[in-house]
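Given the structure is predicted, the values throughout are model-derived calculations rather than measurements.
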Amino acid sequence: MAYVALLDASVLHPWVVCDILLRLAERNLYRPAWSAEILDELVESLIEREPEHAEQFRRRRKRMEAAFAEAMTERPERFMSAVSDEVDA
């Protein structure tokens, strides 16, 4: 698999988009990458919108980490050279 995609919280937040991206990764069409900080931001954002589902969102994160253990990166900035600074603004 040649392609690696850094998945930021903004694309992991909408469940439908996250589901599609992870299903494509399951089919080895690319390798997802994220950091603990990205997943922290994701969970915090989800909890902020729906605090009553906080535990569900934490479980979602754990399942993502378990299913894609190789996705965790300590240096997400190495994937950022192709991304404009304006993307996350």
Side-chain angles (χ1 to χ4, degrees):
M1 174 176 18
Y3 299 102
V4 176
L6 180 66
L7 302 181
D8 192 84
S10 60
V11 298
L12 293 172
H13 192 282
W15 177 244
V16 173
V17 176
C18 179
D19 185 56
I20 290 169
L21 289 170
L22 297 181
R23 286 176 188 267
L24 293 172
E26 283 178 331
R27 289 166 176 76
N28 295 319
L29 296 176
Y30 77 101
R31 186 175 72 82
W34 50 59
S35 66
E37 292 81 12
I38 289 170
L39 295 182
D40 289 345
E41 180 184 346
L42 169 65
V43 172
E44 288 169 13
S45 174
L46 290 167
I47 291 172
E48 186 176 308
R49 287 188 68 174
E50 298 182 56
E52 67 276 11
H53 298 294
E55 191 52 40
Q56 178 183 343
F57 298 138
R58 289 184 189 103
R59 283 193 309 267
R60 174 179 164 184
R61 175 190 178 151
K62 288 181 182 186
R63 288 192 306 267
M64 288 170 58
E65 288 178 300
F68 298 97
E70 73 285 353
M72 189 62 71
T73 181
E74 305 254 334
R75 297 181 348 178
E77 64 277 356
R78 68 187 178 138
F79 301 110
M80 297 299 285
S81 62
V83 179
S84 166
D85 288 340
E86 298 172 18
V87 172
D88 216 17

message = Any carboxylate oxygen within less than 4.0 angstrom of a Lys/Arg side-chain nitrogen, looking at Arg58 and Glu55?
response = yes
Would you mind writing out the side-chain donor-acceptor pairs for residues 16-26 within the sub-3.5 Å range, not counting sequence neighbours?
from  : atom 1 : to    : atom 2 : distance (Å)
Asp19 : OD1    : Arg23 : NE     : 3.1
Asp19 : OD2    : Arg23 : NE     : 2.9

query = Rounded to the nearest 0.5 Å, what separation is found between the CG atom of Leu6 and the OG1 atom of Thr73?
reply = 8.0 Å
inquiry  = When you compare the side chain of Met72 with that of Leu39, does any pair of heavy atoms fall below 4.5 Å?
reply    = yes
Within 6.0 Å of CD in Glu50, more than 12 heavy atoms from elsewhere = yes
query = In Å, rounded to the nearest 0.5 Å, how long is the span from CZ of Arg61 to CH2 of Trp34?
reply = 10.0 Å
ask   = In Å and rounded to the nearest 0.5 Å, what is the CZ to CZ distance from Arg63 to Arg59?
value = 6.5 Å
message = When you compare the side chain of Arg31 with that of Tyr3, does any pair of heavy atoms fall below 4.5 Å?
response = no
query = Do Tyr30 and Leu7 come close enough that some side-chain heavy atom pair is under 4.5 Å?
reply = yes
query = Looking at residues at least two apart in the chain, or sitting in another chain, which of them share a side-chain contact (heavy atoms from CB on, under 4.5 Å) with His13?
reply = Leu42, Ser45, Leu46, Arg49
message = Nearest 0.5 Å, please: how far is CH2 in Trp15 from CZ in Arg60?
response = 5.0 Å
message = Checking Glu44 now: which residues fulfil side chain to side chain donor-acceptor pair (under 3.5 Å) with it, not counting sequence neighbours?
response = none
